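A quick write-up on the structure given underneath.
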There are 2 protein chains.
Amino acid sequence: MIEDVGGAEPLPGLSRERVLREAMRLADEHGMDALSMRKLGRVLDAGAMSLYHYVASKEELLDGMVDLVFAEIELPTREGDWREVMRRQLASARDVLVRHPWAVPLMESRTNAGPAGLQYREAVTACLRRAGFSIEMTAHANWLLSSCVYGYVLQEVNLPFDTAEDLAEMADEVYLPLLAPDRYPYLSETASTLLAGGYDHTAEFDFGLDVVLEALERLRVRSAGRD
Amino acid sequence: MIEDVGGAEPLPGLSRERVLREAMRLADEHGMDALSMRKLGRVLDAGAMSLYHYVASKEELLDGMVDLVFAEIELPTREGDWREVMRRQLASARDVLVRHPWAVPLMESRTNAGPAGLQYREAVTACLRRAGFSIEMTAHANWLLSSCVYGYVLQEVNLPFDTAEDLAEMADEVYLPLLAPDRYPYLSETASTLLAGGYDHTAEFDFGLDVVLEALERLRVRSAGRD
DNA sequence: GCGTACACCGTACGACGTACGCTGTACTAT
DNA sequence: ATAGTACAGCGTACGTCGTACGGTGTACGC
């Protein structure tokens, strides 16, 4: 059967690229639960089994999606203060992961890094090494910074509100009753304060990142002075 | 039908407690994929549908499991230097999460904190507040420390080896071919070095934690001096 | 004109979560 | 004693999932 190449829509037949892209779109818009081979096929005007010409299995599809996510993250630039460079880079990583929240748990259970994932890690490692960190310290820093991003996004996508208004709306109905002050005095104190002052995901992220970057800088300078 | 109370095995009929415990055992031993209502029922000598008398849905079952995991984490003690207390506490958290790796992605997609989860967060918040952190700074510290633990465990359970021997074994077959030095010079440099020196998950965790704790202590002292 | 390769699909199998309605037992009110 | 009610547990069935398998038609080399 010949491919229907009539429409103005992007229908250049199937391709691995198109399959992965559409899978990402489905996951972004309707969540990971909505991503089934049948639904993906339907979106692509194809049968479920046709997809298996481009991905070996659903697992491999997920691997590919994760790699596409890595490819979206800005790589560290080559010049500039390493802290500034990493700040920009990690902000981009957070951005991308928040935009594709399904990717975080996926990265966790996935062992096979794709080319984009490898290139990403290579670039970050390179940035730290060029800044003067030793190999061991680079490994430490790499771990710590990645932890912050992963952990932060994990927490951000978890919270059931996106904006300060959402938060204020939910507070009365859900949070305050849950956090009875007599049972959870400290939590409820914190909740009230944050509620009053507004809550900004980005500010929270930047603050933590700053603490870590400055601490690492101190270690870098100290070890450099010892050379 | 009367319950068969003959055997020496722990068979006190069904109960929410028993259902949750057995679900955890299944997930621990055979992974999250193996946790289905049918299999869980079989392990409990019951039909799948009987479980629905103790959990409203599989989602609620997962909520309960997550809360049991929180309950396993040691709470911070009341006295001692806050850094030492938190170090112990977070080490316990890492320990528990590595023992139940399925819990990490679960915590991510779960909005409803159970009593143990709330109590855990309350205790950590209390510890930081009593150490002298402001409400805002406590929130920051809480976020940062949690991120480290989550992110760290995310990375640890990801790595396909547990011990240094495992790593050495896999290295030749998998890592070194993957990390071609001409394409990924920095990564392969790091891999060789870490391989030669051995790799210790605990040391890596402790190092990063120390960096963060010391940085937070500096902030605490500085703000205390301003009072 | 024929053979082969390939893109694609329909069907089917065994798993899954769970809605529904049926059992048999235990307890309470009369 | 009897009837009524509540409840623990189960069997069956529906619609979903991933995917193995065996088609079917078109394109192209000989």
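Nothing here was measured: the structure is a model prediction, and the numbers come from that model. Note on naming: letters A, B, ... go to the chains in the order of the sequence lines (proteins, then strands), and numbering restarts at 1 for each one.
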Next on the checklist: Among residues at least two apart in sequence or on other chains, which ones pass side chain to side chain contact (heavy atoms under 4.5 Å, CB included) with A/Ile135?
Outcome noted: A/Arg129, B/Glu189, B/Thr190, B/Thr193
Checklist entry - Looking at residues at least two apart in the chain, or sitting in another chain, which of them share a side chain to side chain contact (heavy atoms under 4.5 Å, CB included) with B/Asp28? => result B/His100, B/Trp102
Checklist outcome for this item: Those residues at least two apart in sequence (or on a different chain) that pass salt bridge (Lys or Arg N to Asp or Glu O under 4.0 Å) with A/Glu74 are none
Checklist entry - With respect to A/Glu22, which candidate in A/Leu35, A/Leu40, A/Leu14 satisfies the side-chain contact (heavy atoms from CB on, under 4.5 Å) definition? => result A/Leu40
Checklist entry - Looking at residues at least two apart in the chain, or sitting in another chain, which of them share a side-chain hydrogen bond (donor to acceptor under 3.5 Å, both in side chains) with A/Gln119? => result none
Next on the checklist: Using 0.5 Å steps for rounding, measure from the OG1 atom of A/Thr138 to the CG atom of A/Leu145.
Outcome noted: 10.5 Å
Checklist entry - What residues form a side-chain hydrogen bond (donor to acceptor under 3.5 Å, both in side chains) with A/Glu136, not counting sequence neighbours? => result none
Item to check | salt bridge (Lys or Arg N to Asp or Glu O under 4.0 Å) partners of A/Asp63, counting only residues at least two apart | outcome: A/Arg110
Item to check | B/Phe205 six-ring face occupied by B/Arg94 cation (under 6.0 Å, within 45°) | outcome: yes
Item to check | Any residue meeting side-chain hydrogen bond (donor to acceptor under 3.5 Å, both in side chains) with A/Arg183, in chain and number order, not counting sequence neighbours | outcome: none
Checklist entry - Looking at residues 24-40 of chain B, who's got a heavy atom less than 4.0 Å off DNA chain C? => result B/Leu35, B/Ser36, B/Met37, B/Arg38, B/Lys39
Item to check | Residues forming a side-chain hydrogen bond (donor to acceptor under 3.5 Å, both in side chains) with A/Ser147, sequence neighbours excluded | outcome: A/Trp143, B/Gln155
Dump every N/O contact between nucleotides 21-23 of chain C and the protein below 3.5 Å, one line per pair.
none

Next on the checklist: What is the separation between atom CG on A/Leu44 and atom P on C/dC8, rounded to the nearest whole Å?
Outcome noted: 11 Å
Item to check | Atom pair CE/NZ of A/Met65 and A/Lys58 - distance to nearest 0.5 Å | outcome: 8.5 Å
Item to check | For DNA chain D, the residues among residues 49-56 of chain A that have a non-hydrogen atom under 4.0 Å from it | outcome: A/Met49, A/Tyr52
Next on the checklist: Can you pull out the residues from residues 57-68 of chain B that lie within a 4.0 Å heavy-atom distance of DNA chain D?
Outcome noted: none
